[in-house]
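Have a look at the structure below, then the notes.
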Amino acid sequence: MAQILPLKEAIADAVRDGDTVALEGFTHLIPFAAGHEIIRQRRRNLTLVRMTPDVIYDQLIGAGCASKLVFSWGGNPGVGSLHRLRDAVEKGWPGPLALEEHAHAGMATAYAAGASGLPFGLLRGYLGSDLPKFNPTIKFIECPFTGERLAALPAIRPDVSVIHAQKADRKGNVMLWGVTGVQKEAVLAARRAVVTVEEIVDRLEAPRHAPNVVILPNWVVRSVAEVKGGAFPSYALGYYPRNNAFYKQWDHVARDRDTFNAWIDRHVRGTADFAEFRRSLEGTPLNV
Amino acid sequence: MAQILPLKEAIADAVRDGDTVALEGFTHLIPFAAGHEIIRQRRRNLTLVRMTPDVIYDQLIGAGCASKLVFSWGGNPGVGSLHRLRDAVEKGWPGPLALEEHAHAGMATAYAAGASGLPFGLLRGYLGSDLPKFNPTIKFIECPFTGERLAALPAIRPDVSVIHAQKADRKGNVMLWGVTGVQKEAVLAARRAVVTVEEIVDRLEAPRHAPNVVILPNWVVRSVAEVKGGAFPSYALGYYPRNNAFYKQWDHVARDRDTFNAWIDRHVRGTADFAEFRRSLEGTPLNV
Amino acid sequence: MSDETVPLKPDTPYTADEMMTIAAARMVRNGAALFVGIGLPSAAANLARLTHAPDTVLIYESGTIGTKPNVLPLSIGDGELAETADAVVAVPEMFAYWLQGGRIDLGFLGAAQIDRFANINTTVIGDYHKPSTRLPGAGGAPEIAASCKEVLITLRHSPRAFVEKLDFITSVGHVDGGDGRAKLRLPGKGPTSVITDLGILTPDPQTKELTLTSVHPGVDVEQVKKATGWPLEVAPQVSTTAPPTGAELSVLRDLQARTAKAHAGQA
Amino acid sequence: MSDETVPLKPDTPYTADEMMTIAAARMVRNGAALFVGIGLPSAAANLARLTHAPDTVLIYESGTIGTKPNVLPLSIGDGELAETADAVVAVPEMFAYWLQGGRIDLGFLGAAQIDRFANINTTVIGDYHKPSTRLPGAGGAPEIAASCKEVLITLRHSPRAFVEKLDFITSVGHVDGGDGRAKLRLPGKGPTSVITDLGILTPDPQTKELTLTSVHPGVDVEQVKKATGWPLEVAPQVSTTAPPTGAELSVLRDLQARTAKAHAGQA
């Protein structure tokens, strides 16, 4: 049964050094606040899992939290490279970063297998691609009916999955809508699930015309933390838009190791929580 | 792109003798009107597919439309047996009925595999059950990672799937909500999909608090027919409740071959359409 | 003194079915996630929710999660289940993410036949190809029996139901006993109680053979043995099931009265 | 005379990127279901929808089906995609039921490198373990390339992009040519056009080798050969791409102006 906790406690309770952690989100509802809290708590040696590692993963990697990345597309969407991710892969800074690389279809299938209690997931995929040569977790099996070659991937079962959602009620039932990516699967596949939300309300109700409403009952969630704006600079449909300027400006911050270090020290490690982080941005190019 | 057609034309266009036909629905939104039209058009030798064949399948089987049934639970829910189904299986009346028998989890997986373009579906299932002894389509494979035995089922790919939904718009986009069973998978797995709806509206909008809204875009549907009350005696959430009395009374109609024949002749074969069928029930024990 | 603890007056009549349903309901731990079949299991699960286990999460295979029906559903997908649910999901998701995903605490099954290792038959009586009675079939049962952390079975006691050998194994309980489940690598621990109209059977911790551990008030051990189609193991100490409390009985009867009224016509 | 057919005045300047986007957009059949990547493919697909192919169904891998954005999304999951979609589904469903399900007519891909059989690299430049440039990776591309009925590829022409040998095969086009796709039992027919800023390449019907079939106005064949890192096959008859019409150019420019304005800050 989900506990309602302050974010600091929720992360301290759920995320341990060496864990496999998925902070999921597909452009929408990226759990930035939770990612910052992991940086603040100086977790180390994490295996980070995500289909689309973006700026928050760039920050986690640059801040030295991760030793491995499981992913299928790593970039700053619409802007370009993730410089901290590239620096870790290309130069081993701040430490080496092992890669387990997939295609989206494979990772989505592996998450769904994890959520389904299956040891592996099955897809028509990777045929002819070099990815299986560099990722030994991708195997091929033969269909027992048609003889076709199909890809088989071990289920993804994170120690911890973290997502951001629009709402929870006071019992910890969670509601999200819009682009929900693999968040449901990530939560159901994980041993421990932490959810940050825009608001905790008396009664869960979706706004009129909200597309693709997903509900996660409280008994599949370990903790819920209310963090208003906790997906900034990504967006929360119905709450605030994506701050595209931040994503573009991030390119400048992340290009240089010293600039990045100074930014993380000042704005993340040097702030007590996400609200203070937001205030610390005032007057900087990355402000709202 | 879906055509909006009268039901009679939609069925004539899509359903042919010898086809594999799934009229899906899990208690809710059972496509009774479409099933009646198949009886009226005297289709023969159908392989009927459904997780939960109920009264409409009892009618189709008793009326001699089917030579095979693929299913996982066949009964009159909360009432008892389907007498026409039992008579066909136990006594071969009105003709022999071959059975391909599954468990729900297996059929749901096989439909999902069909919708997914996979040749087979994978589940932890059937272990220790006698079902695989009597259904040779159920095989077991070994997980390439853990060595566990998992069940493998060939994908279900009906020639035609028929569902009933609450609404469509004038372009043939379909909306349903509430208990939606495997309807989405049945439609996406089928070569041809026919949808009957309570109403055709200018703009698809779900009612406030409608749970589990599913949208099927018009380009995955072959035809849409407006049939008000077309799920009677089952229910359409937001439109009318389940007519439990009909289900209970059906037990009496279906017990006896002659009573059944007379009922089908009078109320289904003897009526031009579903509206006339409904009027023909007036004053009978199976009336609304 | 709360209503819960008011003992039934000794002369209050109750039926064997009521005793069975109440005994089954008592086995539900508050807060557990229950996968519920229609009929007796549904009545017991809802009775538990309406008495000592208000935070029980009722899940029906139609895809309704956390449903709180005011009347018992006649079918597994009744509108009231959807309207009172915390969430409604598609059936493939229900079986894959929720049941097979291993997150259901307790599965609640009925049966037409059961054997000494709590394997059950809901498929056919007689030969599969020439059955004397064609039953509805498996439904969700094989995977409920396999994947729920624990399983309860309720059915009426008779030699025709409690048989030496099943005509068809639809869903496995403890297979052939002992470590039969472990050998099949089944995830859940299988049936932990069989609750009948005569008493309660529990698998022996080692052999997994069903053993009579409790008889309902007014039932004697011989009667249960006679209603069982194999030589029934009996625990050294057979307890007597506590009779229904006034509260249990009145909540159950109210529920069934509401249900009967609702199902008389449209519901 | 409708706007559509107004020819561009001969002296109206347009960029090579505009020509590429417009040439790509023209390949979209009205009513087709398109699986669209971010960047050039998204611009071309939306231009098609806003000009000759209004009933085109745009699908982004974020799960948005039938989306009608007013500005180009910066990311593949922008809010506007969700708000203007006919339906939004989860990402596993998108890949399983919609893409792998074989119901997408046309996949629209970009690439960092391409070879003569239209195989593409979006993973690394250089050695995988010691890359000179780490690119974003596969994303949805391998299965878009495999499963869409047909695939279009757009990228800028240069010897660094059009290479003799890919540093990494991320997604296969025509594999090693000929019946390479059939041998792998890939469902779709693979890339049918590669649209660049210089012209259009089409796989030879037999060998599947990319062949220059059209050059954009003002571009000559030699220029395209020089920008290609292998000895480029040239069709016996190389046509010249029709220049942008006034309507195409103004719709594209309006779209990009709206987009630039929207993305300047929050959007």
Side-chain angles (χ1 to χ4, degrees), chain B residues 25-28 51-52 54 71-75 77-79 81-82 85-86 89-90 101-106 108-109 111-112 115 123-131 133-134 148-149 177-185 209 211-212 214 234-235 237 240-245 247-248 288, chain C residues 38-39 61-64 73-79 81-83 85 87-96 99-100 119 121 123 128-143 145-147 166 168-172 175 180-181 184-187 262-267:
Chain B
F26 216 88
T27 308
H28 182 210
M51 290 182 66
T52 52
D54 69 350
F71 79 113
S72 42
W73 192 92
V79 178
S81 291
L82 294 174
L85 166 58
R86 279 184 58 176
V89 173
E90 295 170 9
E101 185 161 3
H102 289 274
H104 278 351
T109 302
Y111 268 121
L123 75 154
R124 286 185 193 280
Y126 295 111
L127 282 177
S129 169
D130 281 344
L131 282 164
K133 293 182 191 163
F134 295 92
E148 285 165 279
R149 251 165 84 81
W177 63 87
V179 170
T180 60
V182 290
Q183 279 103 307
K184 182 181 217 171
E185 287 74 17
H209 309 307
N212 188 35
V214 171
S234 80
Y235 73 105
L237 196 66
Y240 46 90
R242 192 168 191 268
N243 192 291
N244 284 322
Y247 282 87
K248 289 179 179 170
V288 199
Chain C
I38 280 299
E61 65 195 16
S62 55
T64 50
L74 185 68
S75 83
I76 204 136
D78 274 15
L81 295 178
E83 287 172 316
V88 182
V89 301
V91 163
E93 176 179 326
M94 174 53 70
F95 281 96
L99 179 60
Q100 183 177 259
N119 304 299
N121 174 17
T123 304
Y128 183 79
H129 293 291
K130 286 276 167 208
S132 63
T133 306
R134 176 63 233 195
L135 302 166
E143 287 71 29
S147 290
L166 299 179
F168 191 100
I169 302 172
T170 310
S171 310
V172 289
V175 198
R181 282 185 74 87
L184 283 181
R185 295 175 78 164
L186 294 168
H263 293 180
Q266 305 166 23

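Each chain gets a letter, A, B and so on, in the order the sequences are listed, and its residues count up from 1.
- The two residues B/H102 and C/A138 come nearest to each other via the heavy atoms O-CB, 3.8 Å.
- Take C/R181 and apply the salt bridge (Lys or Arg N to Asp or Glu O under 4.0 Å) test, not counting sequence neighbours, and it matches no residue.
- Most heavy-atom pairs under 4.5 Å with chain B: of the set C/P187, C/G77, C/G137, C/P136, this distinction falls to C/P136.
- Looking at B/H209, neither its backbone nor its side chain comes within 4.5 Å of chain C, counting heavy atoms on both sides.
- Residues C/E83 and B/L237 are in side-chain contact: their nearest non-hydrogen atoms beyond the backbone lie under 4.5 Å apart.
- Partners of C/Y128 under the ring pair (Phe, Tyr, Trp, His ring centres under 6.0 Å) rule, at least two apart in sequence or in another chain, are B/F134, C/F168.
- Under the 3.5 Å distance criterion, the side-chain polar atoms of C/E143 are matched with a main-chain donor or acceptor of B/Y126.
- Checked by atom type and distance alone, the side chain of B/S72 never pairs as donor or acceptor with a backbone atom of C/G139 at under 3.5 Å.
- Contacts of B/E148 with chain C are made by both backbone and side-chain atoms, with heavy-atom separations under 4.5 Å.
- Looking at B/Y111, neither its backbone nor its side chain comes within 4.5 Å of chain C, counting heavy atoms on both sides.
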From CA spacing to verdict: side-chain contact (heavy atoms from CB on, under 4.5 Å), C/V172, B/L127
CA-CA 8 Å; C/V172 289; B/L127 282 177; 6.0 Å; no
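- In this structure the side chain of B/R86 reaches within 4.5 angstrom of the side chain of C/T133, judged on heavy atoms.
- Heavy atoms closer than 4.5 Å to chain B are found in both the backbone and the side chain of C/P131.
- Using a 4.5 Å cut-off between heavy atoms, C/L74 contacts chain B through both its backbone and its side chain.
- Of all heavy-atom pairs spanning C/A82 and B/G178, the tightest one is CB-CA, 4.4 Å.
- Of the atoms belonging to C/P73, not a single heavy atom falls under 4.5 Å from chain B.
- Heavy atoms of B/K184 lying under 4.5 Å from chain C are absent altogether.
- When C/N119, C/L184, C/L99, C/L135 are compared by the number of non-hydrogen pairs under 4.5 Å with chain B, C/L184 comes out ahead.
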